[in-house]
**Q** 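One structure follows; several queries about it will come next.
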Number of protein chains: 2
Amino acid sequence: MSTVQSIDRAFSVLRSLTAGPAGVTDIAERVHLPKSTVSRLLSTLEELGAVEQVSAGGEYRIGLGMLELAAAARPGRSLVSVARPQLAELNRFTGEAAGVSIPDGTEMLYLDQLTPDSELQVRDWTGHRIPMHAVPSGHVVLANDRELLDRVLATPLKRFTPHTVVKAAPLRERMNMVRAEGYAWAFEEFADGMNSVAAAVRNDSGRVIAALHVYGPASRFPGTSDTAEIGEFVLATAQKIRID
Amino acid sequence: MSTVQSIDRAFSVLRSLTAGPAGVTDIAERVHLPKSTVSRLLSTLEELGAVEQVSAGGEYRIGLGMLELAAAARPGRSLVSVARPQLAELNRFTGEAAGVSIPDGTEMLYLDQLTPDSELQVRDWTGHRIPMHAVPSGHVVLANDRELLDRVLATPLKRFTPHTVVKAAPLRERMNMVRAEGYAWAFEEFADGMNSVAAAVRNDSGRVIAALHVYGPASRFPGTSDTAEIGEFVLATAQKIRID
DNA sequence: GTTCGTGTTCCACTAGGCGGAACAGATGCC
DNA sequence: GGCATCTGTTCCGCCTAGTGGAACACGAAC
């Protein structure tokens with residue numbers, strides 16, 4: 001239960017750097033610590049490769065050493081490598097970006113994304129967390145975990161666009177539909193001008209451990225295509241993944 | 001210069017977990033610290049999401065929180081996303097695995113890898129470091145940095161296979177060739193049964209900031225193909241990448 | 001030149017981390 | 001069954017190692 005203060009603080013500093021490179025003074029203010037303390041923490045982290053100075057005596061940013069550590073995270077990296085071929089298949093079938101994400105608490109953590117070469121691209125969410133209620137990848141998880149759904153609904157849901165479903169009853173309704181169909185569509189519910197579909201990846205014992213999703217600009221996706229056909233393709237692709 | 005002991009220790013623990021999940025007692029032995037200390041460090045790291053327990057009261061492994069931090073590392077993640085289409089192109093042209101790596105000290109850090117669907121696959125080196133002298137991706141970096149080459153040659157070079165070049169004179173010779181051709185081939189120099197080619201990715205000011213490489217089983221790669229043709233294709237592909 | 005900004009270093013103080021030992025479970029072996 | 005031996009966690013007195021205000025060193029801007 002007791003925690004080591006300096007480690008706690010070191011991670012606060014690291015997290016504050018995920019927003020982008022920053023100087024000691026900036027960081028000190030953000031994490032509410034004395035400059036000297038932050039400087040000491042940073043120079044320790046630098047020796048460990050967790051951060052690096054952009055130019056000697058200048059700003060700090062997250063270091064490459066973190067990549068090595070993150071590469072060992074499971075099911076993170078292992079899932080990424082097995083899912084790649086399936087993402088490529090989704091790219092080919094839909095012409096749009098495809099990604100994998102995993103549930104983490106009440107959010108989805110986006111692990112990887114494959115984007116076809118195209119002029120108009122959606123942004124890369126790799127490494128970010130998004131609340132489950134706002135994205136179809138979250139919906140396929142919630143639809144299969146009543147307890148988690150209750151927990152999500154226990155707190156107020158954040159609205160991202162005018163179409164985000166933030167009320168309990170309609171969300172429960174949606175989850176019933178998703179459970180029945182096996183895939184989830186969302187139209188501009190998380191970001192304006194972005195539509196997406198998702199389906200669940202299950203382990204051998206049937207538990208949902210990840211989600212595959214496809215998303216693209218609302219202007220062309222799904223366009224005049226059959227949403228059920230796309231949904232079922234995503235579902236079939238997700239079912240091909242065997243892990244854990 | 002002074003470092004914070006507990007942070008130092010926490011990272012030792014994290015690094016020891018990159019080899020795979022382990023228990024408190026195991027870790028304590030590996031990092032030469034008392035069990036109680038390791039237990040305290042781990043529970044702190046767990047609260048921060050840096051590690052997680054596989055099952056309550058059991059082994060620990062690297063946590064998903066690390067992915068978020070690592071996602072902010074530059075040029076790491078940004079390079080990965082811009083290099084993806086080029087890796088796919090290399091897949092298509094050669095039928096073999098393609099990857100990106102960046103120089104870090106005297107080693108190459110492997111950031112990403114795209115592997116075509118095939119029965120016989122090479123392993124994924126993502127997140128690992130490999131000494132520059134042993135891999136073609138390292139060669140294209142060394143060939144363009146005389147000072148770094150000197151530094152590498154100042155210490156004894158590790159032999160990985162019977163074909164690894166570990167003597168100064170032959171390596172210098174090779175670097176001259178690589179500099180002239182623009183790409184580097186290596187035949188079973190790092191791992192038995194594995195051949196690979198690499199070419200440098202440069203930023204606007206001409207400095208080598210990364211390497212693209214293709215590798216496959218020696219049994220079929222490059223086979224009867226023209227090594228110069230493949231090399232030049234990799235070079236051309238690497239030159240398409242614009243970053244920083 | 002001065003002034004303001006940066007990041008780093010100093011050092012007395014004491015809070016916070018340390019680690020040996022005791023503990024609570026789980027598993028294995030006879 | 002019960003004893004032995006693992007596991008990870010908690011306790012608590014000792015004291016080191018981390019803290020943070022202030023002073024410092026450097027660089028840029030005026």
Side-chain angles (χ1 to χ4, degrees), chain A residues 1-66 69 72-74, chain B residues 1-66 69 72-74:
Chain A
M1 197 90 295
S2 80
T3 58
V4 181
Q5 189 188 54
S6 45
I7 296 178
D8 208 350
R9 290 174 167 189
F11 273 78
S12 297
V13 168
L14 286 172
R15 266 194 298 268
S16 83
L17 285 175
T18 57
V24 174
T25 314
D26 265 20
I27 300 170
E29 275 174 22
R30 280 193 241 170
V31 300
H32 304 291
L33 286 173
K35 254 197 335 176
S36 58
T37 301
V38 172
S39 177
R40 185 163 11 84
L41 293 174
L42 281 168
S43 60
T44 302
L45 290 171
E46 186 178 21
E47 274 186 24
L48 298 166
V51 302
E52 55 195 27
Q53 271 182 309
V54 183
S55 59
E59 294 190 313
Y60 284 90
R61 65 178 171 198
I62 300 283
L64 298 169
M66 298 304 284
L69 295 177
R74 271 150 216 280
Chain B
M1 197 89 296
S2 80
T3 57
V4 180
Q5 190 189 55
S6 44
I7 297 179
D8 208 352
R9 291 174 165 188
F11 273 80
S12 297
V13 168
L14 287 173
R15 266 194 297 270
S16 82
L17 285 174
T18 57
V24 174
T25 314
D26 265 20
I27 301 171
E29 273 174 21
R30 279 194 242 170
V31 301
H32 303 292
L33 286 174
K35 254 199 334 178
S36 59
T37 301
V38 172
S39 178
R40 186 163 10 86
L41 293 174
L42 282 168
S43 60
T44 302
L45 290 171
E46 185 178 23
E47 274 187 24
L48 298 164
V51 302
E52 56 194 27
Q53 269 180 311
V54 182
S55 59
E59 294 190 315
Y60 284 90
R61 66 178 170 198
I62 301 283
L64 298 170
M66 298 304 284
L69 294 176
R74 268 143 219 282

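Throughout, a chain's letter reflects where its sequence line sits, starting with A, and its residues are numbered from 1.
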**Q** Distance check needed: dG18(D) P versus Leu41(B) CG, whole Å only.
**A**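 Interatomic distance, CG of Leu41(B) to P of dG18(D): 11 Å.
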
**Q** Does some side-chain heavy atom of Val31(A) sit less than 4.5 Å from a side-chain heavy atom of Arg9(A)?
**A**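 No, side chains not in contact.
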
**Q** Which whole-number value in Å describes the distance from Leu33(A) CG to dG7(C) P?
**A**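 Checked: the CG to P distance equals 15 Å.
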
**Q** Between Gln5(A) and dA17(D), is there a contact of a side-chain N or O with OP1 or OP2 at under 4.0 Å?
**A** no

**Q** For the pair made of CD in Glu52(B) and P in dG8(D), what is the distance, rounded to whole Å?
**A**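 In whole Å, dG8(D) P lies 16 Å from Glu52(B) CD.
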
**Q** Would you say a side-chain N or O of Arg9(A) is under 4.0 Å from OP1 or OP2 of dT19(D)?
**A** yes

**Q** Ignoring backbone atoms, establish whether Gln53(B) has a side-chain N or O less than 4.0 Å from OP1 or OP2 of dT7(D).
**A** no

**Q** Between Tyr60(B) and dT9(D), is there a side-chain N or O to OP1/OP2 distance below 4.0 Å?
**A** yes

**Q** Do the side-chain N or O atoms of Thr37(B) get closer than 4.0 angstrom to the phosphate oxygens (OP1, OP2) of dG19(C)?
**A**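 So the side chain of Thr37(B) is within the cut-off, an N or O lying under 4.0 Å from OP1 or OP2 of dG19(C).
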
**Q** Quick check: any donor-acceptor pair below 3.5 Å linking the side-chain of Ser36(A) to the base of dG21(D)?
**A** yes

**Q** Starting from the 5' end of DNA chain C, give me the residue, Ser6(B) or Glu46(A), whose nearest nucleotide shows up first.
**A**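 Residue closer to the 5' terminus by nearest nucleotide: Glu46(A).
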
**Q** Nearest whole angstrom, please: distance from the P of dA17(D) to the CD1 of Ile7(B).
**A**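 So the CD1-P distance, Ile7(B) to dA17(D), works out to 15 Å.
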
**Q** Which pair of heavy atoms, one from Ala10(B) and one from Leu45(B), lies closest together, and at what distance?
**A** O-CD1, 4.0 Å

**Q** Measure from CG on Asp26(A) to C1' on dT8(C) and round the result to the nearest Å.
**A** 17 Å

**Q** Can you see if the side chain of Thr25(A) gets near the phosphate of dG7(C) - specifically, an N or O under 4.0 Å from OP1 or OP2?
**A**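 So the side-chain polar atoms of Thr25(A) do come within 4.0 Å of the phosphate oxygens OP1 or OP2 of dG7(C), strictly under.
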
**Q** Donor-acceptor pair under 3.5 Å: do we get one between Lys35(B)'s side chain and the base of dG8(D)?
**A**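 Result: at least one qualifying N/O pair found.
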
**Q** Could you state the CG-C1' distance from Leu45(A) to dG7(C), rounded to the nearest angstrom?
**A**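 These atoms are roughly 16 Å apart.
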
**Q** For the pair made of CD1 in Ile27(A) and C1' in dT8(C), what is the distance, rounded to whole Å?
**A**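 Atom-to-atom, Ile27(A) to dT8(C), this comes out as 14 Å.
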
**Q** Indicate yes or no for a side-chain donor-acceptor contact from Thr18(B) to the backbone of Leu14(B) under 3.5 Å, with no hydrogens or angles considered.
**A**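 No: the side chain of Thr18(B) does not pair with the backbone of Leu14(B).
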
**Q** For Ser6(A), does its backbone N or O pair with a side-chain atom of Ser6(B) as donor and acceptor, under 3.5 Å?
**A** no

**Q** Donor-acceptor check, side chain of Ser39(B) to backbone of Ser36(B), threshold 3.5 angstrom: yes or no?
**A** no

**Q** In whole angstrom, what separates Leu42(A)'s CG from dT6(C)'s C1'?
**A**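 For the pair Leu42(A) CG and dT6(C) C1', the rounded distance is 14 Å.
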
**Q** Does the side chain of Arg40(A) get closer than 4.0 angstrom to OP1 or OP2 of dT9(C) through an N or O atom?
**A** no

**Q** Report yes if at least one side-chain N or O of Ser39(B) is closer than 4.0 Å to OP1 or OP2 of dG8(D); otherwise report no.
**A**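 For dG8(D), neither OP1 nor OP2 has a side-chain N or O of Ser39(B) closer than 4.0 Å.
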
